[in-house]
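The block underneath contains the structure these notes are about, expressed in structure tokens.
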Amino acid sequence: MAEQLGSLARTHTCGALRPADVGRGAVLLGWVHRVRDMGSLLFFDIRDRHGLTQVVIEGNEALLETAKRARSEFVVAVIGEVERRSDDTINKELPTGEVEVRASELRILNEAKTPPFSIAEDQNVSEETRLKYRYLDLRRPQLQHNIGLRHRLTMALRKYFDEQGFYEIETPILTKSTPEGARDFLVPARVHPGEFYALPQSPQIFKQILMIAGFDRYVQIARCFRDEALRADRQLEFTQVDLEMSFATPPLVFEIVEGALAACFREIGVGIRRPFRRMPYAEAISKYGSDKPDLRFGLEIQDFGPLFKASPFGIFREAVEHGGTVRGFVIPNAAKYSRREVDELVDLAKQAGAGGLIYTRYTGEGVQVSAKAIGEEGARKALEAAGANKEDLLVLASGAPDHASKILGQLRLLVAKKENLVPAGKWELCWLTDFPLFNWNADEKRWDSVNHPFTAPREEDLHMLESDPGKVLAKAYDVILNGWELGGGSIRIHDRETQAKVFRLLGLSDEDARNRFGFFLESLEYGTPPHGGLALGLDRICALLAGETSIREVIPFPKTTQAVDLMCNAPSTVDPKQLRELSIKNI
RNA sequence: GGGGUGGUAGUUCAGUUGGCUAGAACGCUGCCCUGUCACGGCAGAGGCCGCGGGUUCGAGUCCCGUCCACCCCGCCA
């Protein structure tokens, strides 16, 4: 039976006691971690989020009897005296290991069912089980640490932005659909049947309006919602460190954001080099086949197009003649790959969307190439141009330049993993710059914003805005860490005229534009300062700095890839009465 | 929507060419133990082999379907 806490107050946390406390009385409150019962002598560790302390029960029959009832995860109060452990019983693994508490009283405050998995043992548990019993999983050291780190990072960021003169300002959760390009979560408006609020995909328009309102420097730890497929680095709801500055230039944004990230890294005791490397978008695509290049290892993609342009080498010449190219990268020490291993590479490339993958390497006498049509001579030229040596394997893909690179980019990541080329403990930060402003949408026969429609074009490209929109580059930038996009932002359009032009290019009629964000267009006409900003993915920062490969490990209550909360079983059906009230009908 | 991996005691897993009365470790229960700290020793309980169908004398194992978790593509900054 459980006993009451009464007016009992904790004197120390379970991680606090040290030799200096020897001789003092202590009241510890926490969970029973592990019991070691020796008959008439019994030890157990009491645990809270601060640590473990060993409790000794000895020489008191009633006390011993209570202690023998204790099981893992019971909640207990220990009242006793701090003792120094004899030299031969010190536990060097524990910060509290030089002392123990000799209990004079033990209260079982609450019993616990045997948990489905052990909190004390560091065992692998399937994510399904962990998510169902998230409250138990959160008790375990890994998540205790990750959630603690998340707190520290959040505090470090708040402190940093405060020091830089930013105001933290909240923006609405119930709002209007913003043009971020993802599916919106909608909330029916009860008092306006047939109308809906949208949850914010980001506070984009609000933060720009705050600039118009004169708030100069804004930051928000903002929850954002996007109804899209979930991934290791994507949840339906996620947290952005959203910021915006008036009179911002790209260098100013870089400086502020680099400072913020440096403050985060300081929390894990890592110093980072500043300024970060900068790379044009086009280079990232061609050399790494990705808009979030992982720069921790080489395997850089090279272009062999010119090599095959005037040469009689079948499929490659054809590709080049049709506006495509031939690209590839060298896998060091892979000449020894077996038939099965190279076939595996080809399969991976096909899974990535390649028509095929050609590989070539030096053999004892000559060169081997997986496609006869290339010819030995062509292969040799490519190997030479690539700077491959006898131990290397060169893989080649042909097609439209970006397509070839993206396939190779995916292959590059898989090869790096397979060959263990990703160094541990390395942090490669990089700015991606010079994004195109628009993408041609062939299906809809119009231009799409690469970022969002408020992104400013580079001033030197303004003259092409209407004549050659595909050539216009944006004042936009992404920050990348170890192949993860940490954040992105831009300088915004601050004049009504340019904004209207962009809307027109996006195929938005004046009427559509007015309907969707007329209020915003109007606000631009009341003295809008030039401004810009960025948003950082807090979940991703936490995950990377915690050494995790999924943001679920830094989110207390995440959802599965099927968008289900396994703990509380959301989503779920609702009472028909609620639907009626909202004028909603299932179809 | 598509591709891949997995689903067997509470948990993590093993289970060969179809022969299973389904194993191991940890956990759990009981007993013993005065210096343990992953305590130790002895004994024991615990299974709809994800679910549904099929093939077969016989299915954890083979086939079809389906559900769930994870990874990737599409989608999403």
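The sequence lines fix the lettering, A, B, ..., with proteins before strands; numbering per chain opens at 1. Heavy atoms only: backbone and side chains are in, while hydrogens, waters and symmetry mates are out.
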Problem set entry | Minimum heavy-atom distance between A:Met279 and A:Pro293, given as atom pair plus value |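 What the structure gives for the nearest pair is SD-CG, 4.3 Å.
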
Look through every strand shown and name the nucleotide pairing with [N] as Watson-Crick or G-U wobble, where both distances are under 3.5 Å.
N	value
B:A38	none
B:U12	B:A24
B:G65	B:C51
B:C70	B:G4

Sugar-phosphate, base or nothing in reach of [X], heavy atoms under 4.0 Å:
X	answer
A:Ala232	sugar-phosphate
A:Arg540	nothing
A:Glu485	base

Exercise. Taking N and O atoms by type only, does the side chain of A:Arg234 place a donor or acceptor under 3.5 Å from a partner on the base of B:C75?
Worked result: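 Result: at least one qualifying N/O pair found.
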
For this session: Apply side chain to side chain donor-acceptor pair (under 3.5 Å) to A:Tyr337 and list each qualifying residue two or more places apart in sequence or on a separate chain.
Result: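 Partners of A:Tyr337 under the side chain to side chain donor-acceptor pair (under 3.5 Å) test: A:Glu419.
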
Distance, rounded to the nearest Å, where [X] contributes [atom1] and [N] contributes [atom2]:
X	N	atom1	atom2	result
A:Arg231	B:G3	CZ	C1'	12 Å
A:Leu414	B:C72	CG	C1'	9 Å
A:Arg130	B:U12	CZ	C1'	14 Å
A:Leu413	B:C73	CG	C1'	14 Å
A:Ile119	B:G10	CD1	P	18 Å
A:Leu348	B:C73	CG	C1'	13 Å
A:Lys406	B:C75	NZ	C1'	14 Å
A:Leu136	B:G10	CG	C1'	12 Å

Exercise. Is any side-chain N or O of A:Ser126 closer than 4.0 Å to OP1 or OP2 of B:U12?
Worked result: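 Checking A:Ser126 against B:U12: at least one side-chain N or O falls below 4.0 Å of OP1 or OP2.
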
Roughly how far apart, to the nearest Å, are [N] and [M] at atom [atom1]?
N	M	atom1	answer
B:A69	B:U55	P	32 Å
B:C26	B:C37	P	15 Å
B:G53	B:U12	C1'	31 Å
B:G6	B:G41	P	36 Å
B:G10	B:C57	C1'	36 Å
B:A14	B:C49	C1'	13 Å
B:C62	B:U5	P	14 Å
B:A22	B:C67	P	31 Å

Exercise. Does a donor on one side chain sit under 3.5 Å from an acceptor on the other, for A:Gln240 and A:Ser202?
Worked result: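 The answer is no; no qualifying pair exists.
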
Problem set entry | Given B:C71, B:A77, B:G74, the nucleotide with the shortest approach to the side chain of A:Arg552 |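 Closest of the options to the side chain of A:Arg552: B:C71.
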
For this session: Taking only the side-chain heavy atoms of A:Leu131 (C-beta and beyond), determine which of B:C73, B:C70, B:A77 contains the nearest atom.
Result: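 Ranking B:C73, B:C70, B:A77 by closest atom to the A:Leu131 side chain puts B:C70 first.
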
Exercise. So which one's nearest nucleotide on RNA chain B is more toward 5', A:Phe238 or A:Val35?
Worked result: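 Closer to the 5' end of RNA chain B: A:Val35.
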
Problem set entry | Upstream residue (5' side of RNA chain B) when A:Ala229 and A:Gln240 are each assigned their closest nucleotide |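 Closer to the 5' end of RNA chain B: A:Ala229.
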
Problem set entry | Heavy atoms from other residues, nucleotides or ligands near NZ of A:Lys292 exceed 12 (cutoff 6.0 Å) |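 At most 12 heavy atoms, drawn from other residues, nucleotides or ligands, come within 6.0 Å of this atom.
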
For this session: Check whether more than 12 heavy atoms from other residues, nucleotides or ligands sit under 6.0 Å from atom CD of A:Glu65, and answer yes or no.
Result: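 Result for CD/A:Glu65: open.
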
Problem set entry | Name of the residue among A:Arg47, A:Arg34, A:Arg140, A:Lys113 meeting salt bridge (charged side-chain N to carboxylate O under 4.0 Å, His left out) with A:Glu73 |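 It is A:Arg47; the other options fail the test.
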
Exercise. Hey, what's the ring geometry for A:Phe117 with A:Tyr133, parallel, tilted or perpendicular (30° and 60° as the breaks)?
Worked result: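 If you compare the ring of A:Phe117 with that of A:Tyr133, the planes turn out perpendicular.
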
Seminar exercise, completed: Going 5' to 3' through nucleotides 25-38 of chain B and flagging B where a protein heavy-atom sits under 4.0 Å of the base, S where only the sugar-phosphate is that close, and - otherwise, we get ---SSS--BBBBBS

For this session: Walk me through it: do A:Arg278 and A:Thr433 pass the test side chain to side chain donor-acceptor pair (under 3.5 Å)?
Result: CA-CA 7 Å; A:Arg278 299 193 191 157; A:Thr433 62; over 6 Å; no

Exercise. By salt bridge (charged side-chain N to carboxylate O under 4.0 Å, His left out), which residues pair with A:Arg277, not counting sequence neighbours?
Worked result: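 Counting only residues at least two positions away or on another chain, A:Arg277 forms no salt bridge (charged side-chain N to carboxylate O under 4.0 Å, His left out).
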
